[in-house]
Engineer: 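For reference, the structure I am asking about is given below.
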Number of protein chains: 2
Amino acid sequence: MQLSSDTEKMILETARKEFETKGYNGTRMQSIADAAGISKASLHYYFRSKDNLFEKIFNDALDEYVPLISTWADDQLNWEEKIKRFTHDLVHFIKQGKMLFIIREVNRDPSILEERIKRAKAQNKFVTYFDSVQAEGKIRKIDTRHLYVLLNSICCFPAINQQMLQKALRLSPKQYDELMQSYAEVAADFFIHAIKKMK
Amino acid sequence: MQLSSDTEKMILETARKEFETKGYNGTRMQSIADAAGISKASLHYYFRSKDNLFEKIFNDALDEYVPLISTWADDQLNWEEKIKRFTHDLVHFIKQGKMLFIIREVNRDPSILEERIKRAKAQNKFVTYFDSVQAEGKIRKIDTRHLYVLLNSICCFPAINQQMLQKALRLSPKQYDELMQSYAEVAADFFIHAIKKMK
DNA sequence: AATTGGTTTGACCATTTGGTCAAATGCAAA
DNA sequence: TTTGCATTTGACCAAATGGTCAAACCAATT
């Protein structure tokens, strides 16, 4: 098996930007070729079809995302520290615009997740872990599935909805970015404060 | 000025569903016409162009959304009750899939918000209101702009990212829906708990 | 019945778009 | 230099798509 050539990598990188910003339906093979400085025929030489090219890019995005949200039991941090790490990592990942890309395309065609689902473990690791934290009486009573939703929400939404939040807060893109500098930390504290048992 | 005819309303309703589920780029004038049971030519008779039709539908969506998030000072509820009302209303609105629609299209073409921005008030009402709540010492110290982002996140994200959250939690669509029945209330409590000053 | 004006549509058009292919190009091995 | 193989591309194609238009349709008025 041959390693993917430089040209191939360059095309993937170019196409990724196009797909992430314009979505599958808004992206043209011609504009990918133009951006990559090659002919459309060459583009088809490396990746037979638009679907084929898109699939590779979408799967790469998932490969980055999934490990990020699946890691909960494999270190020695306490639950607060785990939350802080998770929040930090996810907020950073989301910043690149990959999350809106994933959500948009999954909604366009939910079947693109099917293959992944088969491979997935039977249990959600966050839920498993926080059920045990809850059993130890360290956090207050709350459905841990709700918790999972809440945690993902506060991490992902600010970047996904940047355009509107920014405008609602009357901030320039730069100002919004500055506000977001401290967001990951604030969000983690917010989350911990919301569920921690007070003495 | 004539009131819009029944046909016109019916087309708008049909087109709304198409645009909301498939997005601007994924929607075909022909499929709107088919779904409405009329010819493509008739569709163009009522709405000159795809852009024209889309603009009306997008603005209707914003007209529903904006008042929802702008109401903070005009009643006698205390801040916890206001949060509960807001969370309930927004979660319900989002459920219809309108929010992903808005986000998707704003990201496709940020300029579609420009007209609205000019009309907008200089101050964000949530921030103004919660700054005063904070000044009264009722909530703990936190940047109220972060609070605004956090509150919108927990209200909007669960419906926007339903597909993935549902799969991550290993739930069927029906089960996810059941989980979401109680979500608005849980989210409001979560939010209040996170910022309320403890005695 | 004839006229009028809004409504509806089949047929058609120009452009866009994903995809193909034979020919050309470059390049390393023989 | 020649052979062979991967790479690159201009030209081309078929289907899809937004949009147009003259003709047909239909209900109300004269």
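Every chain is numbered from 1, with letters handed out A, B, ... down the list of sequences.
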Engineer: Is any side-chain nitrogen or oxygen of Tyr45(A) closer than 4.0 Å to OP1 or OP2 of dT8(D)?
Structural biologist: no

Engineer: Check this for me: does the side-chain of Lys40(A) come within 3.5 Å of the base of dG18(C) through a donor and an acceptor?
Structural biologist: yes

Engineer: Should Ser42(B) be listed as having a side-chain N or O under 4.0 Å from OP1 or OP2 of dT9(C)?
Structural biologist: yes

Engineer: Of the candidate nucleotides dG19(D), dT20(C), dT9(D), which contains the atom at the shortest distance from the side chain of His44(A)?
Structural biologist: dT20(C)

Engineer: Which part of the nucleic acid does Tyr46(B) contact within heavy-atom distance under 4.0 Å: base, sugar-phosphate only, or nothing?
Structural biologist: sugar-phosphate

Engineer: In this structure, how many angstroms lie between the P atom of dA6(D) and the CG atom of Asp6(A), rounded?
Structural biologist: 18 Å

Engineer: What I want to check is whether the side chains of Lys138(B) and Gln134(B) have a donor and an acceptor closer together than 3.5 Å.
Structural biologist: no

Engineer: Between Phe54(B) and Arg108(B), is there a cation-pi geometry (under 6.0 Å to ring centre, at most 45° from the normal)?
Structural biologist: yes

Engineer: Which donor-acceptor pairs under 3.5 Å do side chains of residues 145-154 of chain A form with protein atoms, sequence neighbours excluded?
Structural biologist:
| from | atom 1 | to | atom 2 | distance (Å) |
| --- | --- | --- | --- | --- |
| Arg145(A) | NE | Asp143(A) | OD1 | 3.2 |
| Arg145(A) | NE | Asp143(A) | OD2 | 3.4 |
| Arg145(A) | NH2 | Asp143(A) | OD2 | 2.8 |
| His146(A) | NE2 | Leu179(B) | O | 2.8 |
| Asn152(A) | ND2 | Tyr148(A) | O | 2.9 |
| Ser153(A) | OG | Val149(A) | O | 2.7 |

Engineer: Taking atom P of dG6(C) as reference, at what distance in whole Å does atom CD of Glu8(B) sit?
Structural biologist: 14 Å

Engineer: With respect to the side chain of Lys50(B), which nucleotide from dG10(D), dG19(D), dG19(C) is positioned closest?
Structural biologist: dG19(D)

Engineer: Mind running a 4.0 Å heavy-atom check of residues 21-38 of chain A against DNA chain D and sending the residues that fall below it, in number order?
Structural biologist: Ile38(A)

Engineer: How close or far is atom C1' of dT17(D) from atom CG of Asp51(B), stated in whole angstroms?
Structural biologist: 14 Å

Engineer: Figure out the CD1/C1' separation between Ile11(B) and dT7(C), and round it to whole Å.
Structural biologist: 11 Å

Engineer: With the side chain of Ala41(B) defined as its heavy atoms from C-beta on, choose the nearest nucleotide among dC21(C), dG18(C), dT20(D).
Structural biologist: dT20(D)

Engineer: Could you measure the distance from the CD atom of Gln175(B) to the CE atom of Met180(B)? Nearest 0.5 Å is fine.
Structural biologist: 12.5 Å

Engineer: Does any donor atom in the side chain of Gln123(A) or Thr128(A) lie under 3.5 Å from an acceptor atom in the other side chain?
Structural biologist: yes

Engineer: Tell me whether the NZ or CZ atom of Lys56(A) lies within the 45° cone about the ring axis of Phe47(A) and under 6.0 Å from its centre.
Structural biologist: no

Engineer: With sequence neighbours left out, what residues match Tyr176(B) under side chain to side chain donor-acceptor pair (under 3.5 Å)?
Structural biologist: none

